Number of protein chains: 2
Amino acid sequence: MIEGVRTPVAQRTVEQIKAMISTGEVGPQQRLPTERDLSARFGVSRGSVREAIRILTTLGVLEVRHGAGVYVTALRPDDLLEAFGVLSEVSPDPTLLEVLQVRRMIEPAATAIAAARATEEDLNRIGEMLDRLEDIDRSAEPGDSGAFDLGFHRRIVACAGNATLTAVHAGLSSPTLNERVWAGHDAEGIARDLHEDHRRILEALRDRDPEAARATATAHVLRVERWLRSHLRSVGPSLDANPSAEGP
Amino acid sequence: MIEGVRTPVAQRTVEQIKAMISTGEVGPQQRLPTERDLSARFGVSRGSVREAIRILTTLGVLEVRHGAGVYVTALRPDDLLEAFGVLSEVSPDPTLLEVLQVRRMIEPAATAIAAARATEEDLNRIGEMLDRLEDIDRSAEPGDSGAFDLGFHRRIVACAGNATLTAVHAGLSSPTLNERVWAGHDAEGIARDLHEDHRRILEALRDRDPEAARATATAHVLRVERWLRSHLRSVGPSLDANPSAEGP
DNA sequence: AACGCCGAGTGGTCCGACCACTGTGCAGCA
DNA sequence: TGCTGCACAGTGGTCGGACCACTCGGCGTT
């Protein structure tokens, strides 16, 4: 008997709930039966149902509203790739280099597409973000500098019109990663270079020039990558802390 | 109390466990205190601790061994991106096109790098896999055809030597996705084209020609992408995004 | 008609008990 | 002496019930 595999109850429950979604018994945005009902229906304890729900919530498939019920998400890529962020939170430093290398593959391509697809309004908003970013940095107060840098790149990628791409890119460029890359290394003159990169990227977008967009984006990521590589050895391996309070 | 935000206990526990890892109290591969100990230490119930552990397990940070204890994983990218696969399991069909578009960005780049880095042994194993794939398809038995197709591409990407890239690519090319793309559409003559693509890619790798590798890989993914696009309409819209983003 | 209160129902948390599995050390055997 | 095998203690896995915190809709007041 090869048989004899004991599937954990919680795991089995996960499959059953996924099945409910696959078969269409509950569709996206729709409400699931109550924990107590599911418990009775599957013949398992409520605690096990809760663990299953926790798993699917972490995976971005379900969404729990206290006092209101459990709902299936829209199942859009940004829902399902939400958990992606841990990568840049707990990974050892050398992995950050790998992450940047992956960004060097997708961000230029995305920027090139954005050059062809971005609307005037998109470009204006990207420009505004860049203005604010430079204002902040000029005022020598590195407050949310990273947040706007992030916003700049994300908005560009979003212009490519591919939600999956946007979500993957978001996972590879979390605030935590940015923080870890620049931790304790403000200025050093590289900020000016980065701003220049940003301006060139924006120009390429305004020119509707995909090739220029690709090239400038590549150069930008490459600059960060090289900077990080040269500064990694001096700090040694570490796992960053992360008291990240969720916003929206 | 200025405090007004009520953080769920389980969520807080997740942060506390992550902190234990961040501070180095427990390192990769090491064992965590028992659920009961953590329960006492954090002043929360064992059930809540379990939910927190479930979350971190889903994220690939922890690993549970029944009867032996809870361990921190190696925190390698393939651990942390394991959950990635759900994307291609529950996503609506249109998302599959987006996924392929992302693959079109990273797979050619990865193949180009592989052309420069693959060892002789790598190339031989890739070649063998291709032989088996063609054997299977020629025998008109589409059994594990998909598995070998997957293996072929994954092995190439692995040659790029970037674990993060490998993990991301794996998430974007799961068996489930392959299955969904080709479901019920064996042959149709496209199989021959795909094999030809594969051979060309392998030739480029053997020639150590990154540009050729990039071009052939792009052509290959593009072929799949176009095929899928032309076959998606025939099945009609499945779970497409809906305009009902209203709150109750 | 508009506002505000309240209660039923939902998820959130806790407790204590028992089951299933693992690893280890001791006892028994060869 | 050396190995085998079993029992035990400790761990995660599951269960049931109880109570708390929150949401929401309906009912009453104004």
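The sequence lines fix the lettering, A, B, ..., with proteins before strands; numbering per chain opens at 1. For clarity, every value in this text was computed on a predicted model and none was experimentally measured. Below, all heavy atoms of this structure are taken into account, side chains as well, without hydrogens, waters or symmetry copies.
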Taking only N and O in the side chain of A:S48, is any of them less than 4.0 Å away from OP1 or OP2 of D:dC15?
-> yes

Could you check how far CZ of B:R46 sits from P of C:dG12, rounded to whole Å?
-> 20 Å

Would you please say whether a donor-acceptor pair under 3.5 Å links the side chains of A:S88 and A:S174?
-> yes

Could you list all N or O pairs between the protein and nucleotides 8-10 of chain C that sit under 3.5 Å apart?
| unit_1 | atom_1 | unit_2 | atom_2 | d |
| --- | --- | --- | --- | --- |
| C:dG9 | N2 | A:G67 | O | 3.3 |

With sequence neighbours excluded, tell me which residues meet side chain to side chain donor-acceptor pair (under 3.5 Å) with A:R104.
-> A:E225

CG of A:L38 versus P of D:dC15: gap in Å, rounded?
-> 14 Å

Listed partners of A:T23 passing side chain to side chain donor-acceptor pair (under 3.5 Å), at least two apart | none

Tell me: CD of A:E51 to P of C:dT13, nearest whole Å?
-> 13 Å

Just compare D:dC15, C:dG11, C:dC14 and give me whichever is closest to any side-chain atom of A:V9.
-> D:dC15

Round to the nearest Å and state the distance from A:L62 atom CG to C:dG11 atom P.
-> 11 Å

Pairwise salt bridge (Lys or Arg N to Asp or Glu O under 4.0 Å) hits with a residue in residues 157-175 of chain A, at least two apart = none

A:S22: side chain to side chain donor-acceptor pair (under 3.5 Å) partners, not counting sequence neighbours | none

Is any side-chain heavy atom of A:L177 less than 4.5 Å from a side-chain heavy atom of A:R103?
-> yes

For B:S173, all residues meeting side chain to side chain donor-acceptor pair (under 3.5 Å), sequence neighbours excluded = none

What residues, two or more places apart in sequence or in another chain, satisfy side chain to side chain contact (heavy atoms under 4.5 Å, CB included) together with B:T34?
-> B:R31, B:R36, B:D37

By ring-ring contact (aromatic ring centres under 6.0 Å, His included), which residues pair with B:H153, not counting sequence neighbours?
-> B:H198, B:H220

Write down the distance between CD1 (B:I53) and P (D:dT14), rounded to a whole number of angstrom.
-> 13 Å

Quick one: which of D:dG16, C:dC15, D:dG12 gets closest to the side chain of B:R50?
-> D:dG12

Atom-pair distance (CG on B:L32; C1' on D:dG10), nearest Å = 16 Å

From CZ of A:F42 across to P of D:dG13 the rounded distance in Å is 20 Å

How close or far is atom C1' of C:dT13 from atom CZ of B:R12, stated in whole angstroms?
-> 11 Å

Of C:dT13, D:dG13, D:dT14, the nucleotide closest to the side chain of A:A10 is D:dT14

In degrees, rounded to 10°, what is the bend between the two ends of the helix from C:dA1-D:dT30 to C:dA30-D:dT1, using five pairs at each?
-> 0°

